[in-house]
Structures are given as C-alpha cells and as structure tokens.
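In what follows, a single structure is set out as structure tokens and then discussed.
All chains are named by letter (A, B, ...) in the order of the sequence lines, taking the proteins before the strands, and each is independently numbered beginning at 1.
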Amino acid sequence: MTVYGLNYRSEARQPEPRWRRLLPLVRLEFGTLFRSKWGIVAFLFCLISALVRLVAMLVQMGILDFGPGRRGSRLNNVSRGPSELAQFDPWQVDFYLEPVLQPGEGLVPMLILTALVTARAIAKDRTTFALELYWTRGITPGGYCFAKWVGSFLLVALATAGASTVLWLTGVFIAEDWSFLTTTIGFAPRAIAALLVFAAMLTGLCILCSAIAGSANLAAICWCLLLMVSSAVGQIVANFAGNEALAARCSLWEAAAVVARHVAGVAPRRSDLGGALVLLGVVGLVLGLLARRRLRLQEALT
Amino acid sequence: MTVQLDNVTIRYGERVAVDGITARIPAGAVGLLGRNGAGKSSILKALLGLVRPSAGRMAILDLPENAAPDEIRARVGYMPERDGHLPGLSGFEMVSLLGRLSGLRERDAWRRAHEVLYLVGLDEQRYRPVSGYSTGMRQKVKLAAALVHDPQVLFLDEPTNGLDPSGREEMLSLVRQLSRDLGKSVVLSTHILQDVEAVCDAVVVLERGRLVAEGPLRELTRTTDDQYRLQIEPADLQLPERLPGLELRSMPGGGYHVRLVAPASPRAVFAAVHAAGGVVRQLERQRRSLEDVFLGALASGGAA
C-alpha cells in the first residue's frame with residue numbers, strides 16, 4: 001500500500017539475516033575516527049612509524065637516493081642477520097613486527113587508537129542512552145558488543161597489520177627481482193598474522209573496559225592506566241629480578257607482545273608464553289565477568 | 001487484540017514492578033496510564049523481550065508465546081522514554097542505521113529513513129547531528145526511528161516528555177495520524193491524562209504494578225445516570241446538603257453537584273429547589289472525566 005499523500009508507505013520485505021544486521025555497526029565503529037578532521041590527524045600520526053619505515057625501505061631499495069653515486073639498489077650493502085638496525089631492514093621480520101610490538105614505538109599509537117575508538121565504543125552509547133535504541137532492534141547485546149569489537153579491531157589492525165602489509169607488498173613490487181618475495185614470504189605473512197592477534201587481544205581487553213565504564217572518558221582513562229601501569233610494573237619487576245621474561249607476567253602489553261612473537265615464530269627461547277597467556281586470560285576473564293554484569297539488560301536499561 | 005497479558009508478574013530483584021496483571025489491549029490507540037513507577041515501562045520492556053517476566057504469559061499480535069525477541073521487535077516499534085541518541089550521527093544516519101539493525105537492506109533503510117523523517121516533520125533538519133537537536137526534534141527522531149521498519153504496533157513511552165505546548169500538540173497529532181490514518185496500533189504509555197484523552201480509544205490504568213481499570217475510554221467516561229450538575233436561580237440560594245433522595249455538594253465555580261439516591265428521580269431536584277424558593281436554571285447529566293476515572297480507580301484500588 002502506498003500512502004504518499006500521508007508521506008508514508010508500508011514496507012513489505014524479507015528481513016536480512018542476523019549477521020548482516022551487524023555490518024552497519026561494524027562500519028560505523030570502524031569509521032568513527034574518520035568522521036572528524038582531528039580523528040584523521042590522530043590516525044595519520046599513528047602511521048608515522050610506518051612512513052619512516054617506508055622511507056627506509058625506499059632508500060635501501062634505491063628508489064630514494066640522497067647521496068652521490070649510482071642510482072640503484074643498495075641491497076648488497078645491507079648486512080643480513082640480527083642487528084640494531086633490523087627494524088629498518090625490510091629483509092628482516094623485525095621490520096614488520098617490532099615497531100608495533102616495542103613499547104617505545106608502538107605503545108603511543110596503540111593508546112591513541114584504542115583510547116579514541118575502542119574504549120569509547122560502548123561507554124559512549126551507555127552515556128547517551130543509545131543501548132536502549134540498539135537493543136530494541138533485531139540484534140542481541142552479544143551481537144552488539146561483537147560488532148563494536150570487530151569495528152574497532154579493524155581500525156587498529158589497519159594501522160598496525162595493515163601498514164605492515166602495505167610495506168611488505170610495496171617491497172615486493174618495487175624490488176628489482178623476485179628475490180625479495182622469496183626471502184620474505186617465509187616470515188612476513190606470519191608477522192602480519194601476529195600483528196592481527198596482537199591487535200585483537202588488546203582491543204578485546206579494551207572493549208571490555210568500555211563495557212564496564214560509566215562514561216567514555218572514564219573508560220579511556222582506565223584503559224590507558226591499565227596498560228601503562230601494568231607495563232611499568234612489568235618493567236620494574238623484570239629489572240628487579242634480572243629476568244626479562246617476568247615482564248610478560250605483569251604487563252599486558254608485554255604479554256600480548258610475547259604471544260604475538262610466538263605466532264610470528266620469532267620469540268626468544270626464554271620468553272614466558274604460559275605466563276603471558278595466564279595474565280591475559282585472567283584479566284580478560286575478570287573484565288569479561290564485570291562487563292557481563294554491567295551489560296545485563298536490566299542494569300543497562302534502567 | 002494487540003497485546004494479551006495473563007497474570008504477568010515482573011520483578012527486579014526483591015522489588016515487584018508488575019504484580020499479576022491480566023489485561024487485553026485492543027487494536028487502535030490505547031493509553032497505558034499510571035503514575036511514575038506504576039509498571040508501565042516494565043510492561044513495555046517485557047513485551048519487547050528486554051525483561052523476562054517472573055510469572056505469567058504474554059502474547060503480542062498473532063505471534064506465538066515463545067516467539068523470539070527479534071521476531072517481536074520486527075513487528076513492534078519502540079520509542080523509549082529516555083532522551084537517547086546515537087552519538088555523532090545525523091538524524092538521517094541514526095534512523096537509517098536503526099532501520100538496518102531491524103533487518104532492512106541498505107537501500108530500503110535509506111528510503112524509509114527519508115520517508116519517515118519527512119512524515120514526522122524533520123525533512124529539513126535530517127542531515128544535522130542529532131546531538132544539536134531540540135527536545136522536540138529529538139522526540140520526533142525517536143518516533144521516526146520507531147517507525148522506520150514499518151511495525152504493526154508502536155510502543156510510545158512518554159512521547160510528550162519535555163515538550164512545550166505546541167510541540168506536545170504536534171506530537172499528539174502525529175500519534176493520532178498514525179493510529180487513525182495509517183492503521184497502526186499504538187500503545188501510549190504516559191502519566192499525562194490529557195494526552196490519553198486526546199489520542200486514545202481505550203485505556204489501561206495501573207497503580208503500583210496492579211491493574212486498577214481498563215476499557216474503552218468512551219465507556220469509562222460515559223455519562224452517569226445518578227449524577228448531575230445543577231445551576232439555580234438565584235445563584236446565591238443555599239440548599240441543604242441532604243434532602244430526601246438527594247445528596248448535594250456545592251461546586252467551586254457556583255452551582256451544585258447532585259447525586260440521586262435510588263429510587264429518587266430528577267423530579268426530586270426540581271421539588272427541592274422549588275421548596276427552597278428558587279428555580280432550576282440548568283440540570284444536566286454529568287460526564288466523568290478521565291481524571292475522575294483515574295482518581296476513582298486509584299482510590300478504590302479495584303476495577304472502575
């Protein structure tokens with residue numbers, strides 16, 4: 001029936017499957033940062049490390065040449081194997097992995113992204129009473145939280161694993177021959193997978209903080225404190241005991257990094273994977289139970 | 001029948017919000033009336049599957065009792081009482097997103113969002129962020145969101161909350177239009193009697209989680225056979241409070257409220273006024289207002 005005179009008409013249609021209903025929420029969450037110019041600036045800031053590595057790659061592959069001499073590849077001048085400059089050597093796994101996993105380089109971008117997007121995802125909806133609007137639709141609270149997590153995970157993954165993927169593919173296509181591909185194919189995909197796992201773990205914990213907190217700012221502050229304080233405690237304990245592996249038992253960041261390095265297959269022999277998993281599991285469980293309580297329909301809607 | 005409640009009890013921990021209510025809510029516009037905390041919102045939330053009743057059975061439209069919540073929500077539109085909005089989104093984005101979450105495809109959701117925003121009168125402002133809307137506009141955008149998936153039934157929880165008189169009239173006129181012109185069943189939950197009188201055909205009155213009155217508004221407010229309004233000449237003539245077959249109560253604006261005690265007839269009124277030395281200027285049957293019904297039901301605590 002068309003009732004254009006009243007500017008209204010009935011809608012006869014087959015409803016979309018449940019999983020497809022979550023896609024707009026994922027897209028909304030993924031695009032949160034890009035809806036404002038300051039958000040775009042923040043995202044670009046988080047890509048600075050990748051841009052520096054891109055320049056390093058272009059220099060090493062002879063695309064950028066700042067000095068005298070022939071234009072061409074300088075590959076032969078770069079020593080292979082572990083070195084302090086491994087993070088700037090596209091032939092080594094550290095080039096793709098360590099700038100994200102090292103707290104010195106990776107912590108600030110990760111904090112910016114998670115505090116601006118993930119930590120606010122559910123908390124801001126609670127503040128604006130949007131939960132009631134969402135949950136009276138054809139989605140479940142569990143589906144809602146999952147979609148929020150996927151959206152923010154994709155954003156963080158874009159800045160971490162996505163940037164490393166772009167760097168690797170750039171290297172493959174600008175290299176003089178296929179030797180770059182044959183050399184890096186053994187570790188680059190695993191390194192990218194490790195970064196995805198790393199982003200998934202941290203955004204997962206962060207989204208639980210968001211589900212617990214009463215406001216978006218509180219969620220962001222709590223998450224930053226949790227990550228930084230645990231990192232500081234981990235560092236102090238490790239230094240005090242003279243055992244670097246202990247950091248993974250106290251620091252969420254280190255624990256996630258240890259798991260990621262194991263996924264990438266580059267973990268040092270003395271790293272404590274079990275301790276890292278226990279820490280992440282316990283923190284995740286505690287936050288999960290609290291979040292479950294806070295997201296009970298009765299509590300969230302009254 | 002839009003909604004059927006059989007002995008429904010809803011508890012929040014120890015607190016009983018709804019206490020064994022049995023009611024039939026017919027199609028059309030129905031007012032769910034009660035003071036704050038009477039259990040109106042709890043019933044709506046239970047019907048939407050957000051709160052599980054601790055006892056009793058509920059049925060909505062022709063859906064089975066054990067229908068999944070999203071099956072119910074596909075056919076019900078809900079406008080919450082609280083001033084909720086989706087942060088950072090424009091009116092159009094908010095309504096179309098909520099349409100998609102209700103199961104509409106993207107193109108359908110866009111089209112429907114434009115249509116319902118036009119219907120509620122937000123066509124000019126639909127691309128502005130909702131956070132910058134006035135209270136009236138926010139109420140309208142919530143109504144549009146409740147309508148976007150074309151539900152058969154609308155649950156409107158305090159739709160005139162915070163509106164100025166013109167905004168309130170506009171909102172009530174929209175609700176009337178939805179019910180009378182578009183054939184939607186509307187359940188209007190409110191504590192404002194005038195809103196129910198203006199829009200609804202039937203009413204369900206709740207008090208402290210219990211049902212105290214229900215029925216068509218016309219029947220509840222029908223004229224009474226034993227109660228009259230009396231105007232006499234001279235106006236300052238004093239009549240005794242009790243006369244054979246009559247109970248009289250002077251009214252603030254002048255005149256008397258008369259109740260006939262069976263088997264007295266209206267003739268007794270004429271005789272009494274004549275005996276007091278006056279004449280009857282006007283004697284009319286009294287129509288009960290919804291306020292009388294409401295207060296009477298609250299006072300008696302039983303069916304009106």
In plain terms, say whether B:Asp70 and A:Arg18 are close enough for a salt bridge, that is, a side-chain N and a carboxylate O under 4.0 Å apart. yes
Between A:Lys148 and A:Glu29, does any side-chain N to carboxylate O distance fall below 4.0 Å? yes
Heavy-atom proximity to chain A below 4.5 Å, by part of [X]:
| X | result |
| --- | --- |
| B:Leu48 | side chain |
| B:Leu89 | both |
| B:Leu97 | side chain |
| B:Met79 | neither |
| B:Glu71 | neither |

So, B:Tyr127 and B:Glu93: side-chain donor and acceptor under 3.5 Å apart, yes or no? no
Step through it carefully: locate the ring centre of A:Tyr134, locate the ring centre of A:Tyr144, and say whether they are under 6.0 Å apart. yes
Under 6.0 Å between ring centres: does that hold for A:Trp38 and A:Phe43? no
Between B:Pro87, B:Pro80, B:Ala145, the one whose heavy-atom pairs under 4.5 Å with chain A are most numerous: B:Pro87
Taking B:Lys184 for the side chain and B:Gln177 for the main chain, is one N or O donor matched with an acceptor at less than 3.5 Å? no
Counting heavy-atom pairs under 4.5 Å with chain B, the top scorer among A:Pro141, A:Ser36, A:Ala147, A:Ala130 is A:Ala130
Which bit of A:Leu28 is near chain B, if near means a heavy-atom gap under 4.5 Å: side chain, backbone, both or neither? side chain
